[in-house]
Amino acid sequence: MDASLANGASVNVTGADPHEALRSVFGYESFRARQEEIVAHLLGGGHALVVMPTGSGKSLCYQLPALVRAGVGVVVSPLISLMQDQVAALRQQGVRAAFLNSSLSGRAKRRTRQEVRSGQLDLLYVAPERLMTERFRRLLGESEVALFAIDEAHCLSQWGHDFRPDYLKVARLRELFPEVPTIATTATADEQTRRDLLDRLRMSSRDLFVAGFDRPEIRYTVTLKRKPQQQLRRFIRGEHDGDAGIVYCLSRNNVEKTAQKLSEHGIEALPYHAGLSSKKRQRHQNRFLREEGLVVVATVAFGMGIDKPDVRFVAHLDLPRSLEAYYQETGRAGRDGQPADAWMAYRYADVVRLRKIMEGDLDGDGNTEYAWTKRHKLNALIGYCETSACRRRVLLKYFGQDPDFERCGNCDTCLSPVETWDGTVAAQKLMSCIARTGQRFGAGHVTDVLLGRDTKKIRQKGHKRLSTYDIGGELGKAGWKSVARQLVAAGLLEVDVAGYGALKLTEASGAVLRGERDVQLREDRRPDGSSEKKKRTAPADELPDTPGAKDLFEALREKRTQLASEQEVPPYVVFADKTLKAMVAHQPATLDEFNALSGVGEVKRERYGEAFLAVIAEHAAEDEGT
Ligand code: ADP
Ligand code: ZN
């Protein structure tokens, strides 16, 4: 970390009014969502478990109280890269922040520890493994601690989607320092995970803060996967030419292949997965953070430390592991509040594959509550993919929210409603055929029988004699596969992954076969349906429609890039796009006017005011000259 930053101007707001600190340090006029309550709760000595979506401003919930309370706020964060950027951003705002992790020299660590002891720091970021060392505990004992903040808290719960046994040690903080206000934050935790976290952190339900999960700026789309590489390119070209985005794949192979294909077709893309050297991973991540318009193709290994506000799309070429994982991964798009896309291509074979992986993970442990939870999570995910209802509604309900709309108007099923049809008879035919063939065959063979095909397998097994042979002419092969997929999704059939994907009846099948239950199915869309998508509404923070606005914005961006690279920090750490747009809209001429913009605190006014005012003034002069 650049030492000169630490020596720059710093602010001291210990004991100040939180609104005053919000204004002078962060440059914000008002609190968002539930920030104010949470800050007040901590300042009053309380603890908090905060479940709010990515980009909703969780960091401020502990940063601000750490500044206002006496002593240092200790932030536990699982990723080193995240720490560095957060600390860089804080120092830009004049906050006395530092981190302790394995990337530092012994001397730098000693200096930081000394600063903690002598009360010269407001925020200290540490990796979880450091936290429970004898030495660190002694340091905490000798220092005044304002609060503990535990980032990515879902890693603490085995009900969460990313349980890390190591992280459990973090919960010991509550035993060792019961009086120190503690805040745990996460973007995704379902009911069960929340209860578990409260328990482990010795908090009560009064300490739980859940804020609106909705990310209205994100458009959700799920499309049937046919030729994934082509579909992905069409999506990126059509909707996100030149934008930064993340593409998730399940396997390293697929990551490599996809990155290469995109690059061959002129979309610059970098691979990222655990098989690459850590140097290469670091380099790709840094390029993604610092350059504009790059695509990263990655396994789930990528993302935890990604604090980039202007990611315009997140695409899934394979199913994520759960809706929690999906929401967290897609939540990395549009953190700046500008329109973004969450796009996924999905097919039946992916479900079978994921089930197989899951059963492998369970390893004979199939009847525990843990196994049940995993199955439940997978079913919820498939339900999301197959729904003909509003996708946003399905997501919000899954996370225990009660959306006050039926249709959001910004997901694929809302933008072009799905046709449904009465699939009861089709379901009965398929189920009977599965029963007649002994529940031992996959969808391919079963549908061949329904279609009256003359295959080798059918001849060998003597399946021409079955009463269900050749009774399915009303649908084609793709049609029957779609029926099978949707019945599995609805739990009306199941896939036996041990038996090579054989379809089996479930308890619920009986009601359909007996005609006691109707089945509604959705009409699958052609994958290229995306081209007829409606145009999105104009983003809220569009540049003003005046001559020269674009030029000024570009000039300000250039200044920002220059200042950022001089200090080796990402550009958005200097100012967010939103603040640059505010400069274009208001064209401040004085430092006071500059300070009034959202995102400009006192230290940034001092540090950058003159430089940006000069760019604005120059631009105004040019305008007058013409
Ligand atoms: P999270 O940790 O929940 O993912 P962040 O803390 O990174 O979200 O905040 C997302 C963005 O919102 C950041 O750019 C942050 O500066 C901004 N932000 C946070 N609180 C406010 C606020 N009260 N007013 C305006 N912007 C805010
Ligand atoms: Zn919708």
Side-chain angles (χ1 to χ4, degrees), residues 18-19 21-23 25-39 50-64 75 77 79 82 85-86 89-90 92-93 95 149-153 183-188 209-222 303-311 327-328 330-338 342 384 387-397 403-418 534 541 570-580 582 597-601 604:
H19 289 93
L22 182 71
R23 169 81 224 130
V25 180
F26 298 95
Y28 298 141
E29 221 38 71
S30 54
F31 285 105
R32 265 196 199 160
R34 307 192 65 183
Q35 283 175 335
E36 186 166 14
E37 288 168 70
I38 296 165
V39 167
V50 174
V51 187
M52 300 200 312
T54 309
S56 60
K58 289 187 291 299
S59 323
L60 196 110
C61 296
Y62 52 80
Q63 289 168 349
L64 200 142
V75 185
S77 168
L79 260 197
L82 185 72
D85 284 351
Q86 289 224 6
L90 285 164
Q92 288 284 322
Q93 286 159 325
V95 174
I150 304 168
D151 210 3
E152 310 283 354
I183 165 172
T185 62
T186 173
T188 43
F209 297 84
V210 182
F213 254 75
D214 195 8
R215 297 284 309 276
E217 67 279 14
I218 297 182
R219 171 177 295 176
Y220 298 95
T221 302
V222 180
M304 263 273 234
I306 299 307
D307 212 358
K308 185 177 165 66
D310 55 355
V311 176
Y327 208 63
Q328 189 169 57
T330 55
R332 293 180 181 126
R335 292 178 72 146
D336 54 8
Q338 311 271 319
Y384 169 77
T387 189
S388 50
C390 169
R391 300 221 193 260
R392 191 180 311 277
R393 226 182 117 78
V394 173
L395 283 171
L396 293 177
K397 285 181 76 161
D404 55 6
F405 54 81
E406 275 301 315
R407 289 277 167 195
C408 75
N410 196 25
C411 72
D412 61 317
T413 62
C414 284
L415 288 167
S416 37
V418 180
K534 306 194 173 117
D541 303 306
Y572 57 81
V573 160
V574 174
F575 281 124
D577 279 0
K578 205 172 143 186
T579 306
L580 295 191
L597 303 174
S598 176
V600 183
K604 285 197 177 174

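Read the numbers this way: they start at 1 and go in the same order the structure lists the ligands and their atoms.
D151 places no side-chain N or O within 3.5 Å of a backbone atom of V75 that could act as its donor or acceptor partner. Using modelled atom types, no side-chain atom of T413 and backbone atom of V418 make a donor-acceptor pair closer than 3.5 Å. With K58 contributing its side chain and M52 its backbone, the two residues share a donor-acceptor pair below 3.5 Å. In terms of modelled atom types and a separation under 3.5 Å, the side chain of Q35 and the main chain of G57 share a donor-acceptor contact.
Of the options Y28, F26, Y572, the smallest heavy-atom separation from atom 15 (C) of ligand 1 is shown by Y28.
Contacts of P53 with ligand 1, taken as heavy-atom pairs under 4.0 Å, involve the backbone alone. Under 4.0 Å from ligand 1, not a single heavy atom of M52 appears.
Heavy-atom proximity to S59, at under 4.0 Å, picks out these atoms of ligand 1: 2 (O), 5 (P), 6 (O), 7 (O).
In this structure, Y220 and Y384 have perpendicular ring planes: the angle between them is above 60°, well past the 30° mark.
Each of R392, R219, R391 was compared with C408 under the side chain to side chain contact (heavy atoms under 4.5 Å, CB included) criterion, and only R392 meets it.
The closest approach between a heavy atom of S56 and any atom of ligand 1 is below 4.0 Å.
Polar contact with ligand 1: absent for F31 (N/O pair, distance under 3.5 Å). For ligand 1, none of its N or O atoms has an N or O atom of S598 under 3.5 Å away.
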